[in-house]
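Structure, as structure tokens:
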Amino acid sequence: MEGERRPLTEETRAAVVAASDNLPSQGLRVLAAAWREVSGPRPAQEEAESGLTLLGLVGMLDPPRTEVTDAVGACRRAGIRIVMVTGDHPLTAEAVARRVGIVLGPTPLVVTGARLDTLDQDALDALLAEPSELLLCRVSPEHKMRVVTAFQRRGEMVAVTGDGANDAPALKHADIGVTMGASGTDVAREAASMVLLDDSFASIATAVRLGRSVYQNIRKFLVYVFSSNIGELGPILAATFAGFPLVPISAVQILAIDLGGLQTGIRSIDTHDQRELHRPHRLSARPPREPPVNTVAPPWAHRDTRIGSTLPSAGARVAPRRFATIVEYAAKGRAGKQRRVPSPRRHGFRIDRVLRRP
């Protein structure tokens with residue numbers, strides 16, 4: 001102390017402990033530096049780690065990115081629960097969680113790895129079921145695996161983020177494992193199902209928004225196609241069973257109805273405007289869907305069936321020349337340069353393929 005070597009008294013020990021608690025509360029990671037003289041260039045471990053003289057404490061700051069706070073808020077609005085699982089000190093974890101918006105209340109639930117060891121399966125399920133803000137600190141890879149399994153046992157869709165080798169078991173076991181492309185280890189990248197090339201948490205929120213938009217587009221087209229075909233098939237079946245000698249709708253009329261109605265379906269597509277990705281979006285504010293999902297829900301089906309059933313009667317009054325114009329326009333568009341549509345097998349409902357490294 002002050003250039004002099006002094007014994008570590010109880011008063012000095014209490015001051016060091018108070019400083020080690022004060023630094024983590026500021027979001028700093030704390031290291032203690034100590035030294036001693038050894039007898040040779042390669043001393044034994046017991047000799048090197050005993051009789052040390054404390055030099056002081058070092059606080060290291062790893063500031064979060066500026067866009068993380070907005071991304072955490074977007075996940076909250078989307079109904080996504082964020083649980084911090086870290087090996088850091090509880091005070092450090094709480095300070096960082098408050099800084100990025102994971103913790104907003106005055107008293108979050110902070111659980112250490114030592115307490116997790118004392119909980120059985122039922123107690124852990126009851127702990128995770130609490131709606132309070134949860135921070136898991138001083139945990140090991142085994143604890144992370146146990147927490148992921150407990151969430152899945154409750155029927156939750158679990159996404160795990162991590163970049164170290166100790167995160168690999170949880171990344172592999174989770175429904176969606178997300179790792180960092182630049183700073184992540186090779187083990188973590190192999191275990192994960194999604195790699196963030198920019199190492200930004202905001203990319204996860206963007207992927208969720210795009211994934212929900214793709215799902216909504218597919219749902220709209222399925223409902224529209226089914227309702228339109230029912231509207232076209234209904235008059236034909238009715239005429240058949242009624243013994244009507246003529247077909248009420250010809251093949252050319254059906255083709256014109258489909259081509260004309262395609263413009264209505266295109267207008268309902270979410271185009272993923274990049275300017276909208278930086279503003280609150282209606283898709284991000286919706287809660288997650290409960291699996292399994294009924295794609296053609298009754299409200300959608302009833303509304304769009306009424307719309308689709310009016311197309312045959314409206315198309316039957318279109319002049320034949322108008323039919324020819326529509327068919328000619330479609331032929332010219334088909335002959336032009338077409339945009340390549342991604343394969344549904346690769347770009348489905350899961351977001352783990354949105355940002356995968358090509």
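Using modelled atom types, one finds no donor on one side chain facing an acceptor on the other under 3.5 Å when comparing Arg36 with Thr53. Between the side chains of Thr9 and Glu11, no donor-acceptor pair of N or O atoms lies under 3.5 Å.
Taken to the nearest 0.5 Å, the OG1 atom of Thr12 stands 9.5 Å off from the CG atom of Leu54. For the atom pair SG of Cys75 and CG of Asp70, the computed distance is 11.0 Å after rounding to the nearest 0.5 Å. Atom CG of residue Leu28 and atom CG of residue Asp88 lie 11.0 Å apart, to the nearest 0.5 angstrom. Within the model, atoms CD of Glu67 and OG1 of Thr206 stand 9.5 Å from one another, a figure rounded to the nearest 0.5 Å.
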Evaluate side-chain contact (heavy atoms from CB on, under 4.5 Å) for Ile176 paired with Val158, printing each intermediate quantity in order.
-> CA-CA 7 Å; Ile176 302 173; Val158 183; over 6 Å; no
Apply the test side-chain contact (heavy atoms from CB on, under 4.5 Å) to residues Leu196 and Thr179: give CA-CA distance (whole Å), side-chain angles for both, the deciding distance (0.1 Å), then the verdict.
-> CA-CA 6 Å; Leu196 302 180; Thr179 190; over 6 Å; no
Can Val72 and Ile82 be said to form a side-chain contact (heavy atoms from CB on, under 4.5 Å), step by step?
-> CA-CA 8 Å; Val72 171; Ile82 301 178; 3.9 Å; yes
Going through the distances and angles, do Cys137 and His89 end up as a side-chain contact (heavy atoms from CB on, under 4.5 Å)?
-> CA-CA 6 Å; Cys137 311; His89 193 278; over 6 Å; no
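Following chains of ILVMFWY side-chain contacts shorter than 4.5 Å, one cannot reach Val83 starting from Leu91, and the two form parts of different hydrophobic clusters. Leu134 and Leu119 fall within the same hydrophobic cluster, where Ile, Leu, Val, Met, Phe, Trp and Tyr residues are linked whenever their side-chain heavy atoms come under 4.5 Å apart, directly or through other members. No single ILVMFWY cluster, assembled from side-chain heavy atoms under 4.5 Å apart, contains both Val85 and Ile102. Under the 4.5 Å side-chain contact rule for hydrophobic residues, Val195 and Val187 do not share a cluster.
Minimum interatomic distance between Ser20 and Val30 (heavy atoms only, all atoms of both residues): O-CG2, 4.4 Å. Residues Glu133 and Gly105 share a closest heavy-atom pair of OE1-N, 3.1 Å. Of all non-hydrogen atoms in Leu52 and Ala34, the two that sit nearest each other are CB-CB, 3.9 Å. In terms of heavy atoms, Ala192 sits closest to Gly177 at CB-O, 3.3 Å. Smallest separation of non-hydrogen atoms from Val96 and Met84: CG1-CE, 4.4 Å. Residues Leu61 and Gly27 come closest through the heavy atom pair CD1-O, 3.9 Å.
Remark: the backbone N or O of Arg209 is not paired with any side-chain donor or acceptor of Ser213 at under 3.5 angstrom. At distances below 3.5 Å, at least one donor-acceptor pair connects side-chain atoms of Arg212 with backbone N or O atoms of Ala78. Looking at Ser183, its side chain never comes within 3.5 Å of a backbone N or O of Met180 through a donor-acceptor pair. For Thr149 (side chain) and Met145 (main-chain N/O), a donor-acceptor pair under 3.5 Å exists by modelled atom type. In this structure a side-chain-to-backbone donor-acceptor pair under 3.5 Å is missing from Asp175 to Met157. Of the possible polar contacts, none joining the Asp125 side chain to the Arg154 backbone as a donor-acceptor pair under 3.5 Å is found.
With a 4.5 Å cut-off on side-chain heavy atoms, Met194 and Ile204 count as touching. Residues Arg65 and Val68 form a side-chain contact, since some pair of their non-hydrogen atoms from C-beta on lies under 4.5 Å apart. Residues Phe151 and Arg146 are not in side-chain contact: their nearest non-hydrogen atoms beyond the backbone lie 4.5 Å or more apart. Side-chain contact check for Leu136 versus Val147: some heavy-atom pair is nearer than 4.5 Å. Side-chain contact check for Leu104 versus Arg98: every heavy-atom pair is 4.5 Å or farther apart. Using a 4.5 Å cut-off on side-chain heavy atoms (C-beta onward), Thr86 and Val139 make no contact. Side-chain contact between Val111 and Leu109: present, with at least one pair of heavy atoms (C-beta onward) separated by less than 4.5 Å. Annotation: side chain of Leu124 is in contact with side chain of Leu128 (closest heavy-atom distance under 4.5 Å).
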Side-chain donor/acceptor pairs under 3.5 Å, residues 160-171, sequence neighbours excluded:
| from | atom 1 | to | atom 2 | distance (Å) |
| --- | --- | --- | --- | --- |
| Asp167 | OD1 | Lys144 | NZ | 2.4 |
| Asp167 | OD2 | Asp163 | N | 3.2 |
| Asp167 | OD2 | Gly164 | N | 3.2 |

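Thr112 pairs by the side-chain hydrogen bond (donor to acceptor under 3.5 Å, both in side chains) definition with nothing, not counting sequence neighbours.
Within a 6.0 Å radius of CD in Gln152, more than 12 heavy atoms belonging to other residues, nucleotides or ligands are found. More than 12 heavy-atom neighbours from other residues, nucleotides or ligands sit within 6.0 angstrom of CD on Glu130. By the 6.0 Å contact criterion, CZ on Arg29 is open, its count of non-hydrogen atoms from other residues, nucleotides or ligands being 12 or less.
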